[in-house]
A.B. asks: 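The structure's right below; bear with me while I get my questions together.
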2 protein chains.
Amino acid sequence: MSIANIKDVARHANVSPGTVSNALSGKRPVSPKTQQRILDSISTLGYHPDTLAQSLVNGHSRTLGVVTNHLDDYGTSRVLTGIDQQAAQNGYSILLTMVHRNNQITNNQMLTQLISHRVAGIIWAVPELWNTDEVNLAQYGDRLPPTVFVLMNPNTGLSVVNYNIVDGTTQAMQHLIRQGRKRIAHIAGPATWDSQQRTLIWHNILSEAGLPCDESYVAVSDWSVPGGEKAMHDLLNQHPDLDAVLACNDHNAIGALKVLRAANRNVPSEVSIVGYDNVPESGYVSPALTTISLPFAELGRTAVRQLCQLIDSTAQPQPQPNILLPVELVMRESA
Amino acid sequence: MSIANIKDVARHANVSPGTVSNALSGKRPVSPKTQQRILDSISTLGYHPDTLAQSLVNGHSRTLGVVTNHLDDYGTSRVLTGIDQQAAQNGYSILLTMVHRNNQITNNQMLTQLISHRVAGIIWAVPELWNTDEVNLAQYGDRLPPTVFVLMNPNTGLSVVNYNIVDGTTQAMQHLIRQGRKRIAHIAGPATWDSQQRTLIWHNILSEAGLPCDESYVAVSDWSVPGGEKAMHDLLNQHPDLDAVLACNDHNAIGALKVLRAANRNVPSEVSIVGYDNVPESGYVSPALTTISLPFAELGRTAVRQLCQLIDSTAQPQPQPNILLPVELVMRESA
DNA sequence: TTGTAGGCGTTATCAC
DNA sequence: GTGATAACGCCTACAA
């Protein structure tokens with residue numbers, strides 16, 4: 001009395017199970033009359049082929065394993081949306097696994113779960129873990145399905161899809177300098193690989209331009225609005241005469257905005273601010289944030305396309321080139 | 001040369017496949033020595049049991065199908081986070097399917113996909129489809145696995161987990177009236193079931209209090225900041241003397257805030273505003289929004305718990321009671 | 001305590 | 001064009 005299977009359909013349509021299979025897959029011809037009879041039986045019986053059994057015999061699952069963070073941040077949920085979009089288009093289902101704040105489940109447990117589900121490939125999109133080393137894949141050797149990393153540090157020999165880190169900060173800095181800003185402070189993010197890169201670029205560009213770039217112009221923050229407030233406060237104490245701020249993300253920029261408003265510094269006439277991420281609210285704070293727009297959803301789509309290519313390529317896995325998508329400086333009011 | 005299976009392990013450990021199975025499941029005793037030998041073989045061979053094959057023979061998949069929207073809104077991604085959290089805790093994996101803007105895939109295709117994957121249950125969390133009718137489940141009859149709806153209209157005989165719609169709006173209105181507000185306008189959302197409910201409550205409470213509540217005090221908006229701006233603009237034209245606004249969500253409230261600032265109306269001294277949702281940015285706009293906090297993540301967790309209960313109950317599916325979680329009025333600056 | 005055989009639902013191979 | 005049969009990897013009676 002349970003759910004109908006291919007044998008039930010075969011019996012109902014007076015054919016063999018193999019013929020039902022062929023009628024559905026079209027891999028071998030079936031006479032139009034039989035075809036119709038089978039289709040009728042399928043709909044009256046409400047038959048849905050069992051993907052699990054199909055995967056078992058075919059040896060592949062048309063399922064992609066995705067590991068993301070808790071989705072508290074705008075970026076990762078956009079990435080996930082992009083992943084789902086492209087996966088659906090390529091005929092893959094998605095098995096989702098999230099890394100939560102109180103991280104009880106280890107990376108290995110997640111990977112084991114995905115491997116046990118025989119996913120065709122894995123997308124790893126956990127920006128909190130910038131270092132791909134931390135994921136600890138070595139032990140799996142070549143038993144690991146093809147894997148693509150999103151929003152993680154490139155140049156590790158693994159397949160990474162990311163945005164162009166250098167380009168974003170460079171554009172922002174050039175914009176500020178072009179505007180004649182001389183004392184450009186930097187609110188840096190936590191000590192991750194990309195934060196360090198961006199601080200380095202900030203430093204190098206100022207140094208080349210002969211502008212001040214010592215450590216007193218840098219305040220380290222977390223990624224939050226209050227963090228930005230505190231950092232801005234400190235910077236203003238150190239350098240009351242600063243005329244621009246490069247923030248590590250929009251939330252920090254918004255925090256800075258609040259502090260500057262409280263200190264009666266006009267943005268952008270007295271102080272320019274550039275954010276990072278282009279979260280939706282950056283467009284409707286006042287003044288609206290000039291910021292770097294990151295292609296989150298496209299990152300997800302690209303990762304899926306790249307992964308499908310890896311899956312389809314029968315060749316031995318070889319060092320994959322990193323894919324870096326372009327960013328865009330979105331000009332609004334704050335700079 | 002491919003991935004190791006249970007026979008490989010058995011051969012390597014000099015036991016039968018059945019013993020390996022028992023060693024892993026613990027369903028029947030295995031001698032400590034054999035146990036150890038098997039565990040060693042498993043780790044040297046890198047064996048991971050095939051969940052698909054297990055599901056095939058067990059007849060259940062320990063996988064939950066989840067249907068969400070595109071995650072563009074804060075609420076749904078929090079719900080998804082809650083779902084994943086609780087699912088992991090209950091030992092379920094998640095098969096994710098998203099409804100995108102350019103919705104090419106029909107509800108039926110999604111359901112078919114999930115059914116084919118033999119998910120143990122389904123969580124349907126697509127606020128855009130308030131009417132559970134639109135999902136069109138009738139055709140599946142009792143072949144549909146247990147299903148729980150999140151953020152959808154209750155009282156349909158289906159199992160629905162939602163927040164208490166009446167309570168939120170009631171609290172907000174009482175708060176405004178208690179403050180002595182007399183002309184309380186309403187920015188309503190698109191014509192969905194919950195929008196209508198909330199407008200109704202707004203009307204009834206004002207009516208009971210003997211305060212103006214005719215249609216000229218209502219402006220219909222979409223869920224966006226610009227929508228809120230336009231609505232506020234219209235309301236201000238109609239009633240320059242209004243002293244409070246009940247917005248359908250925080251984004252509309254933020255839009256209203258911008259317009260009021262431009263019109264030189266002080267918030268909250270001249271005009272009070274209450275939002276809805278408690279999105280993160282509502283805490284750091286200026287003035288910070290007083291708003292209704294909805295238990296999004298808890299909604300997701302509750303849905304999973306409810307679903308697991310449905311799955312485990314061998315009883316015939318019977319009309320499920322709706323579960324309504326409490327909301328909270330978050331007092332900040334705007335009211 | 002351990003081994004053996006049958007079957008879960010499907011597809012591929014071989015025969016007709 | 002169609003039907004029987006043997007896998008896929010695993011679990012579970014039943015037998016030893």
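Below, read A as the first sequence line, B as the second, and so on, with proteins coming before strands; counting in each chain starts at 1.
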A.B. asks: With DNA chain D as reference, determine whether L56(B) or S25(B) sits nearer its 5' end, using the nearest nucleotide of each.
C.D. replies: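 It is L56(B), whose closest nucleotide lies nearer the 5' terminus.
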A.B. asks: Is any side-chain heavy atom of T19(B) closer than 4.5 Å to one of S16(B)?
C.D. replies: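 Yes - at least one pair of side-chain heavy atoms lies under 4.5 Å apart.
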A.B. asks: DNA chain C: V15(B) or V20(A), which has the more 5' nearest nucleotide?
C.D. replies: V15(B)
A.B. asks: Does the pair E298(B)/R78(B) count as a salt bridge with the N-to-O cut at 4.0 Å?
C.D. replies: no
A.B. asks: By the 4.0 Å heavy-atom rule, please label T34(A) as base, sugar-phosphate, or nothing.
C.D. replies: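 Sugar-phosphate, backbone atoms only, no base.
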A.B. asks: Inspect the contact between D8(B) and R11(B) and indicate whether a charged nitrogen and a carboxylate oxygen are less than 4.0 angstrom apart.
C.D. replies: yes
A.B. asks: Heavy atoms under 4.0 Å, any strand shown: does N14(A) hit a base, just sugar-phosphate, or nothing?
C.D. replies: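 The residue N14(A) makes sugar-phosphate contact but no base contact.
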A.B. asks: Examine the side chains of H117(B) and S93(A) and answer whether a donor and an acceptor come within less than 3.5 Å of each other.
C.D. replies: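 Result is yes, a qualifying pair exists.
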A.B. asks: Strictly under 3.5 Å: I want the nitrogen or oxygen pairs between protein and nucleotides 13-16 of chain D, one per line.
C.D. replies:
from    : atom 1 : to     : atom 2 : distance (Å)
dC14(D) : N4     : R28(B) : NH1    : 2.7

A.B. asks: Does anyone know the first and last nucleotide of DNA chain C in reach of chain B, 5' to 3', at under 4.0 angstrom to a heavy atom?
C.D. replies: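 Footprint of chain B along DNA chain C, 5' to 3': dT1(C) to dG9(C).
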A.B. asks: Heavy atoms under 4.0 Å, any strand shown: does V57(B) hit a base, just sugar-phosphate, or nothing?
C.D. replies: base
A.B. asks: Heavy atoms, side chains only, cut-off 4.5 Å: are D40(B) and R37(B) in contact?
C.D. replies: no
A.B. asks: Could you go through V66(A) and T97(A), starting from their C-alpha distance and side-chain angles, then the distance that decides it, and tell me whether this counts as side-chain contact (heavy atoms from CB on, under 4.5 Å)?
C.D. replies: CA-CA 6 Å; V66(A) 175; T97(A) 310; over 6 Å; no
A.B. asks: Could you walk me through whether I83(A) and I123(A) pass the side-chain contact (heavy atoms from CB on, under 4.5 Å) check?
C.D. replies: CA-CA 9 Å; I83(A) 288 174; I123(A) 293 181; 3.7 Å; yes
A.B. asks: Please evaluate residues Q85(B) and M98(A) with respect to the criterion side-chain contact (heavy atoms from CB on, under 4.5 Å), reporting the C-alpha separation (whole Å), side-chain torsions for both, the decisive distance (0.1 Å), and the verdict.
C.D. replies: CA-CA 8 Å; Q85(B) 244 180 356; M98(A) 279 175 40; over 6 Å; no
A.B. asks: If you take any heavy atom closer than 4.0 Å to DNA chain C, which residues from residues 38-54 of chain A end up in contact?
C.D. replies: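 Result for residues 38-54 of chain A: Y47(A), P49(A), D50(A), A53(A), Q54(A), sorted by number.
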A.B. asks: Return no unless some side-chain N or O of S16(A) is found under 4.0 Å from OP1 or OP2 of dA4(D).
C.D. replies: no
A.B. asks: Whole-Å distance between dA4(D) C1' and I6(A) CD1?
C.D. replies: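 Distance check: I6(A) CD1 to dA4(D) C1' gives 14 Å.
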A.B. asks: Answer with yes or no whether the side chains of T44(B) and S41(B) bring together a donor and an acceptor at under 3.5 Å.
C.D. replies: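 T44(B) and S41(B) do not have a side-chain donor-acceptor pair below 3.5 Å.
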A.B. asks: Nearest 0.5 angstrom please: T302(A) OG1 to L307(A) CG, how far?
C.D. replies: 12.0 Å
A.B. asks: Using 30° and 60° as the class limits, which term best fits the ring planes of F149(A) and W124(A): parallel, tilted or perpendicular?
C.D. replies: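 Tilted, since the angle between the ring planes falls between 30° and 60°.
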